[in-house]
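First the structure, in the form of structure tokens, and then the observations on it.
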Amino acid sequence: QVQLVESGGGLVQAGDSLRLSCAASGLSISNRAMGWFRQAPGREREFVAAVSQYGSNTIYADSVKGRFTISGDNAKNTVYLQLNSLKPEDTAVYYCAAAYYGLGVGSGLGVSQHDYSYWGQGTQVTVSS
């Protein structure tokens, strides 16, 4: 049984940093693309970042490029999302997702929710101004 469990969310002020974690079980993050999405109240879920299988490639949404960093620790089977220079508009529930086996990242792949087969329950990030 596959499980993705996010943690690390919280209430912070604008300009602060957070690190989100996604602990995976039932699959290996080393041979799957992994992604982060977020959903703000009243808005659709949107792509944030993804890392390819074996960690060879990362992609980011324009709104977070240069501020957020996705990474993975294969030994811990955990994916991270480092959030720096947070803004109020980053407030959302952040979801971790595991892509369908064999899916690449880049050239348009890895940015759609339909590319992902497993999802976590989400962790709330709230940024106050």
Side-chain angles (χ1 to χ4, degrees):
Q1 181 181 1
V2 174
Q3 280 193 312
L4 302 175
V5 180
E6 301 99 330
S7 62
L11 172 62
V12 297
Q13 293 187 330
D16 286 350
S17 298
L18 279 174
R19 189 177 78 159
L20 307 183
S21 299
C22 171
S25 59
L27 59 79
S28 174
I29 68 163
S30 63
N31 59 20
R32 280 189 191 248
M34 299 293 294
W36 286 93
F37 287 73
R38 66 186 182 185
Q39 187 168 20
R43 301 188 64 176
E44 293 187 355
R45 191 172 299 188
E46 65 176 2
F47 170 77
V48 175
V51 57
S52 63
Q53 59 183 13
Y54 311 119
S56 56
N57 188 33
T58 56
I59 56 174
Y60 297 92
D62 288 342
S63 59
V64 307
K65 201 171 294 183
R67 298 189 298 123
F68 292 7
T69 304
I70 188 171
S71 63
D73 184 331
N74 292 337
K76 296 182 178 180
N77 211 30
T78 298
V79 179
Y80 302 100
L81 185 67
Q82 179 68 39
L83 291 65
N84 295 332
S85 302
L86 281 161
K87 304 175 181 180
E89 52 263 44
D90 294 319
T91 295
V93 177
Y94 284 71
Y95 296 92
C96 173
Y100 287 99
Y101 185 77
L103 184 81
V105 164
S107 300
L109 295 176
V111 299
S112 168
Q113 296 181 60
H114 301 294
D115 293 334
Y116 295 84
S117 54
Y118 298 104
W119 292 84
Q121 83 289 347
T123 186
Q124 176 71 47
V125 172
T126 303
V127 185
S128 64
S129 57

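It should be emphasised that the depicted structure is a prediction, and the values quoted were computed from it without experimental measurement.
Between the side chains of T78 and D73, no donor-acceptor pair is found at a separation under 3.5 Å. Defined by atom type and a distance below 3.5 Å, a donor-acceptor pair is missing between the side-chain atoms of T91 and E89. Side-chain polar atoms of Q82 and N84 form a donor-acceptor pair below 3.5 angstrom.
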The test is side-chain contact (heavy atoms from CB on, under 4.5 Å); show your working for L20 and V125 and say whether it passes. CA-CA 9 Å; L20 307 183; V125 172; 4.0 Å; yes

Step by step, work out the side-chain contact (heavy atoms from CB on, under 4.5 Å) result for S117 and Y101. CA-CA 9 Å; S117 54; Y101 185 77; over 6 Å; no

Full working for side-chain contact (heavy atoms from CB on, under 4.5 Å) between V79 and I70: CA-CA 7 Å; V79 179; I70 188 171; 4.0 Å; yes

Derivation of the side-chain contact (heavy atoms from CB on, under 4.5 Å) call for S63 and R38: CA-CA 12 Å; S63 59; R38 66 186 182 185; 3.5 Å; yes

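M34 places a side-chain heavy atom less than 4.5 Å from the side chain of L4. Residues V111 and I59 form a side-chain contact, since some pair of their non-hydrogen atoms from C-beta on lies under 4.5 Å apart. Side-chain atoms of Y60 and V48, non-hydrogen and from C-beta on, never get closer than 4.5 Å to each other. Between R19 and L83 there is no side-chain heavy-atom pair separated by less than 4.5 Å. You'll find the side chain of Q113 reaches within 4.5 Å of the side chain of R45, heavy atoms only. Between T123 and Y95 the shortest side-chain heavy-atom distance does not fall below 4.5 Å.
In terms of heavy atoms, L86 sits closest to R67 at CA-NH1, 3.9 Å. Of all non-hydrogen atoms in G55 and V51, the two that sit nearest each other are CA-CG2, 3.7 Å. Between S129 and A14 the shortest heavy-atom distance is CA-CB, 4.4 Å. Nearest heavy atom pair, residue A33 against residue V105, reads CB-CG2, 3.5 Å.
Note that the OG1 atom of T126 and the CD atom of Q13 stand 13.0 Å from one another [nearest 0.5 Å]. Annotation: the span from N74 atom CG to K76 atom NZ amounts to 12.0 Å, rounded to 0.5 Å. Between F68 atom CZ and L18 atom CG the span is 9.0 Å, to the nearest 0.5 Å. Considering OG of S7 and CD of Q121, their distance stands at 8.5 Å, rounded to 0.5 Å. D115 contributes atom CG, which lies 9.0 Å from atom OH of Y100 (distance to the nearest 0.5 angstrom).
Applying the ring pair (Phe, Tyr, Trp, His ring centres under 6.0 Å) criterion to F37, with sequence neighbours excluded, gives F47, Y116, W119.
N57 contributes no side-chain N or O that, together with a main-chain N or O of S52, makes up a donor-acceptor pair within less than 3.5 Å. Looking at D16, its side chain never comes within 3.5 Å of a backbone N or O of S85 through a donor-acceptor pair. The backbone N or O of C96 sits less than 3.5 Å from a side-chain atom of E6, completing a donor-acceptor pair.
K87 and D90 are not joined by a salt bridge, as no carboxylate oxygen comes within less than 4.0 angstrom of a charged side-chain nitrogen.
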